[in-house]
Structures are given as structure tokens and as C-alpha cells.
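Working notes, structure below.
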Amino acid sequence: MEAFADDKLNRKQEAIEVSDYLLNRYTVKQDAFVLNLDADWGFGKTYFLENWRIYLESQRDCKVIYFNAWKHDFSQDPLISFMASVENQLSKYIDLNGETQSYWRKMRDEALPFLAGAITKKVVGASIEEIKEVLESNEEQAEGRAEEENTNNSESEVAKVTSALSAKATKLALAEQKQIEKQIHKFTENLEKLSKNINKVNVPLFIFVDELDRCRPSFAIQLLEVIKHLFSAKGVYFVVATASNQLSEAVKAVYGQGFDGAKYLNRFFDQSYHFVKPDISGFASLLFSQTPEVFDKFDSFIIDVPRNKNGEGIIVCEIANWLNAGLRDIQQAYSIMECIALTKRNERFVVLPLALFCLAKIAQPEIYLKLKDTFRYNANITSLEYDPTYKDLKNYNARNRQMEFSKQDILQQCFEVLQYSSDGNLKEPGNSRKTISKLFFNKNSVEQLNYFPVHKYFELIESAVRFKSNI
């Protein structure tokens, strides 16, 4: 498999540059290192890591371990899940035998869960005999206690049981903490040794941790707290992919709203890397190209642009430029369009007005309301020249209203498409110029296609926005 074969955001170049930096760093410093790959959802962290792994292995002669945290967050023991995943993947790189094999087996079987879960199990889940043993070991009373004290007093008994269990828990906690520290120390030592032995050239062992921000807050924090002890393994470079803003909120969910989540996360990482901000055209095209089958009944009618050039993405880009919409706006508008496409699988849509309405809904609500009022209640527009909303909107950001690929007016085309599709009463455009609206009319007439009425798009949009992505 070729790395970055379908790269639409020039991530391969970034992978090469980051690889050069990290590998040269290791050549000089021979150190341990933790990089935070920080990017919001939808900006391709998983795509980047999966392809970067292929690139490192095939072209830079590196060994890479990939751990998808989200796929393991059902586990109550992040330490065990992580160690098992590392062991399984390392086994394909080295011939485990003798002492090393024994160590890995021991690490897999004896790695202990977090203190809270283990101690609760050992103390609260203890048998009656064990509880009696705990109590009997703490039955000595303080000197000077009055002999006439009623030992059968229920409150005293409860206090004694609580005190005894607390003492036992403390004892177990100390013993378990020492054991965990010992196991992690051994694990770290072994990682250092293996990183030197498994590589034929002077490169580090890479461990990628992905999708941390999608995990349960408690699991994400526990995993970081556990593997931070391994970050000191020389010869091992960790890359942890996060959406730091979201993950810092998860930290607050665990430690409280007053807790500084960003500062807490920074202590885990040596450096953070942020992707180059993609251009709007590439980002829009990437979104629509991921699942083209979803939009198989969306017609873009782009003049002089082949259908395989992702007309939806180009149109969204042009409209986004007109509305001064950002990448996040495009992402949300795409989600609305996707919801409509999946809900109305038997309907055909014209991308130009739908994309305009969706983007306006997200990025420019005032414009959206004007469009909604005009198109919803005045579907049978006869002349654009006298329509007040059209005249008003024509003055908005006029410099960027032209479609670069055809020098056509986005707003005019939307209004004309509305004219030719209202209530199924098609009228041929008076302008003989080959415009998008004329293409729409011709295709609709010749192929006898039934398009969902444009002035009813707003109803679909209002329904779709009730779905809110939780990713």
C-alpha cells in the first residue's frame, strides 16, 4: 500500500518534514520524546497517522506501534490494554525467546489495574473471614480507654470496621503502588532495549496513540497517567493525537470545572505539532470525496468541469468564499447536507442553492433568514430585477460573489434555479448564455428528472440541524 495515495490536503509533505525533524533529532540526542499531534476533529489525524506509519516503515526503515485508544476504552484497565497492544505488535518485529518472552508474558498477565478498582475489589469484596481477620488485627484498644466502654455499641462497631478497612486499604495501596512502579520500570527498561535491538538503523521506535479525545474522559486521563511513565524510555518516540481543546474539557469533567485542563495536558508532551491549515477548496473536496455514494443524486451543473472533479466541493468552496465561511462552517454545512441526502435518498437536489442555504445557516444567519423569507413565501419569482431580497443581497461582499471557474454570479444562479424549479412549473431561461440554471433546466426537461423543490430546502435544513454531531 502506498502512503498518502489519496492525499488531498498535502499531508504527505508534512509527514516528510516531521519525519526529518524527529529522525534527525534522535540521531543527535538519542533521547525519549513525546509529540502531541494537535488538530480538531475532521482535520485528518487518523488518516495522517495511518499513512505516516506506512511511510515510516516503507521509506524510513522505522518500526511503528499503533494504538487506537478509542477501540480500547471499553476496558477498565488502560495499562493492560496498552501493554497487550504493544506486545502483540512488537512480536512481529522481533523473535521473542527466553528471558524476553518470559518477561512479556509476565507483563501481560500481571500488569495491575488502577489502584481504585483493585483496592475496592480487595477490600469491599473481601469475604467474611477476611473481614474478621482485618478486624482482629486491629482490635488493640488505645491505652487509658475505659474498661466500662460498651463494645457492643453499634456506632462504635461501625467506626471500628470503617477504621480497620481504611487501614487495610492503605496497606494494600502502598504494596500495590510499589508493585506497579516496579512493573512499569521493567516495562520501560525493556522498551529501551528493544528499541535498540529491533532497528537495523539508528532510528527510534515510534508508538502512535490515536483517538484519545474520543474516549471516555476517565479512560483518556487514566491512559495518559499510566503511559506517562513510559515516556522516559530512551529510543522510544511517542506521538499522541488529540484535539486538545476537547481533551482539556474531558480533564475538567474528571477534576472539576475550575481545573486548568490545558496546563495539565501540556505536562505530558515535549512539543505539539499543528497541521498546516488546509485551503478551503481542498478541505471541501476532501469532505465530499470521502463518501461520494451519499451524494449520488446531487447535481452540481458545473460548466467546463468534469463530473469526477468533485463539483460539490468546488461549489461549496466558492460559496464559502462569498460568505466568508471558515473550515468549521464548511464542516457543519457538510453535515447538514449529508443528513438531508441520507434522509431523502429518493430525491434529487441541486447543490448550488442547497449549499448556499446550508452555509448561510451556519456562517451568516441573517442572510439565511433573508433567503428563507424570499424563497419560502415567494416561490414564483418572475423578475430578479425587482426582487427586494435579491437586490439587497447583491451588495453583500460583491467582490467575492463571482464563481472563479465560470465568472458567474452565485446569488443570481440560485434565484434563477428557484424560478425554473418552482412547483414543477419549468420555464426556459431567457438568457441564451450557457449558465448553470440553463443546464439545470435542460437536464430536467430532457431526462425528465424530478428535483425536490428548491423553496422547500429550508424545511429539510431545519430538520437536519436538529441532529447534532457528538464527535
Side-chain angles (χ1 to χ4, degrees), residues 1-4 7 11-39 44-72 78-79 81-96 100 104 107 184 187-213 223-224 226-242 244 268-275:
M1 175 185 279
E2 181 184 353
F4 299 98
D7 185 17
R11 296 299 189 212
K12 182 176 182 179
Q13 183 58 39
E14 292 191 73
I16 293 173
E17 293 173 0
V18 175
S19 299
D20 288 342
Y21 168 71
L22 294 178
L23 295 179
N24 289 332
R25 176 195 175 95
Y26 181 72
T27 300
V28 174
K29 297 191 174 186
Q30 300 288 308
D31 60 349
F33 188 74
V34 186
L35 178 69
N36 175 26
L37 182 65
D38 186 5
K45 295 190 296 294
T46 296
Y47 168 84
F48 181 82
L49 287 183
E50 290 176 345
N51 283 273
W52 188 23
R53 178 183 186 179
I54 298 172
Y55 169 77
L56 285 172
E57 292 179 334
S58 63
Q59 299 187 42
R60 306 303 285 265
D61 207 13
C62 297
K63 304 296 188 296
V64 183
I65 304 298
Y66 178 87
F67 179 75
N68 188 315
W70 188 56
K71 290 184 178 180
H72 292 84
L79 177 61
S81 296
F82 180 77
M83 287 182 174
S85 181
V86 171
E87 178 211 355
N88 290 337
Q89 294 181 62
L90 275 176
S91 64
K92 71 180 181 180
Y93 294 132
I94 57 178
D95 181 18
L96 294 173
T100 306
W104 281 112
M107 286 301 300
I184 289 177
F187 191 85
T188 303
E189 283 186 340
N190 200 49
L191 274 179
E192 289 183 355
K193 182 174 66 175
L194 289 174
S195 68
K196 296 178 181 179
N197 294 337
I198 66 177
N199 288 308
K200 298 177 182 178
V201 294
N202 187 28
V203 295
L205 168 67
F206 284 93
I207 298 182
F208 292 171
V209 179
D210 194 13
E211 306 256 45
L212 195 64
D213 43 7
L223 180 62
L224 274 179
V226 168
I227 65 175
K228 73 178 180 183
H229 299 286
L230 310 179
F231 291 164
S232 61
K234 291 183 179 180
V236 181
Y237 274 23
F238 281 85
V239 178
V240 183
T242 72
S244 291
F268 291 104
F269 311 121
D270 296 309
Q271 283 182 316
S272 293
Y273 179 81
H274 300 271
F275 285 139

Notebook entry, point to check: Are side-chain heavy atoms of Leu49 and Val239 found at a separation under 4.5 Å?
Noted result: yes
Check: Do the ring planes of Tyr273 and Phe275 sit parallel (below 30°), tilted (30 to 60°) or perpendicular (above 60°)?
Finding: perpendicular
Notebook entry, point to check: If you round to the nearest 0.5 Å, how far is CZ of Phe67 from CG of Leu212?
Noted result: 9.0 Å
Notebook entry, point to check: Under the salt bridge (charged side-chain N to carboxylate O under 4.0 Å, His left out) criterion, do Glu14 and Arg11 qualify, and how do the steps go?
Noted result: CA-CA 5 Å; Glu14 292 191 73; Arg11 296 299 189 212; 2.7 Å; yes
Margin query: Among residues at least two apart in sequence or on other chains, which ones pass side chain to side chain contact (heavy atoms under 4.5 Å, CB included) with Ala3?
Written below: Ile54, Tyr55
Check: In Å and rounded to the nearest 0.5 Å, what is the CG to OG1 distance from Leu224 to Thr242?
Finding: 8.5 Å
Check: Just wondering, are more than 12 heavy atoms of other shown residues or ligands nearer than 6.0 Å to NZ in Lys228?
Finding: yes
Check: Ignoring hydrogens and geometry, is there a side-chain-to-backbone donor-acceptor pair from Ser19 to Ala15 under 3.5 Å?
Finding: yes
Margin query: Would the distance check show the side chain of Tyr47 and the main-chain N or O of Asp7 forming a donor-acceptor pair, the cut-off being under 3.5 Å?
Written below: yes
Note to self: Between Asp20 and Arg60, does any NZ, NE, NH1 or NH2 come within less than 4.0 Å of an OD or OE carboxylate oxygen?
What the structure shows: yes
Check: Taking the six-membered ring for Trp, are Phe238 and Phe82 parallel (under 30°), tilted (30 to 60°) or perpendicular (over 60°)?
Finding: parallel
Notebook entry, point to check: Any donor and acceptor pair, going by atom type alone, linking the side chain of Asp38 with main-chain N or O of His274 inside 3.5 Å?
Noted result: no
Next item on the list: Answer yes or no: is there a side-chain heavy-atom contact under 4.5 Å between Phe206 and Arg53?
Entry: no
Margin query: side chain to side chain contact (heavy atoms under 4.5 Å, CB included), that's the test. Do Leu35 and Val18 meet it? Break it down for me.
Written below: CA-CA 10 Å; Leu35 178 69; Val18 175; 4.2 Å; yes
Next item on the list: Find the distance between CZ (Phe4) and NZ (Lys12) and round it off to the nearest 0.5 Å.
Entry: 8.0 Å
Notebook entry, point to check: Do Glu211 side-chain atoms and Asn68 backbone N/O form a donor-acceptor pair below 3.5 Å?
Noted result: no
Next item on the list: Side-chain contact test, heavy atoms from C-beta onward, threshold under 4.5 Å: evaluate it for Tyr26 versus Leu23 and give yes or no.
Entry: no
Check: Relative to each other, are the rings of Phe33 and Tyr237 parallel, tilted or perpendicular (30° and 60° limits)?
Finding: tilted
Margin query: Less than 4.5 Å apart, side chain to side chain, heavy atoms only: is that true for Leu230 and Val86?
Written below: no
Next item on the list: Determine the sole option in Val203, Val201, Leu56, Asn202 for which the side chain to side chain contact (heavy atoms under 4.5 Å, CB included) test with Asp61 is passed.
Entry: Val201
Notebook entry, point to check: Is any side-chain heavy atom of Trp70 closer than 4.5 Å to a side-chain heavy atom of Thr46?
Noted result: no
Check: Got a donor-acceptor contact below 3.5 angstrom from the Lys45 side chain to the Leu37 backbone?
Finding: no
Notebook entry, point to check: Given the rule in the side chain to side chain contact (heavy atoms under 4.5 Å, CB included) test, do Ile227 and Val209 qualify, once you have shown the distances and angles that lead to the verdict?
Noted result: CA-CA 10 Å; Ile227 65 175; Val209 179; 4.2 Å; yes
Checklist line | Heavy-atom side-chain proximity of Val64 to Gln89 below 4.5 angstrom | finding: no
Checklist line | Which residues share a side chain to side chain contact (heavy atoms under 4.5 Å, CB included) with Ala32, sequence neighbours left out | finding: none
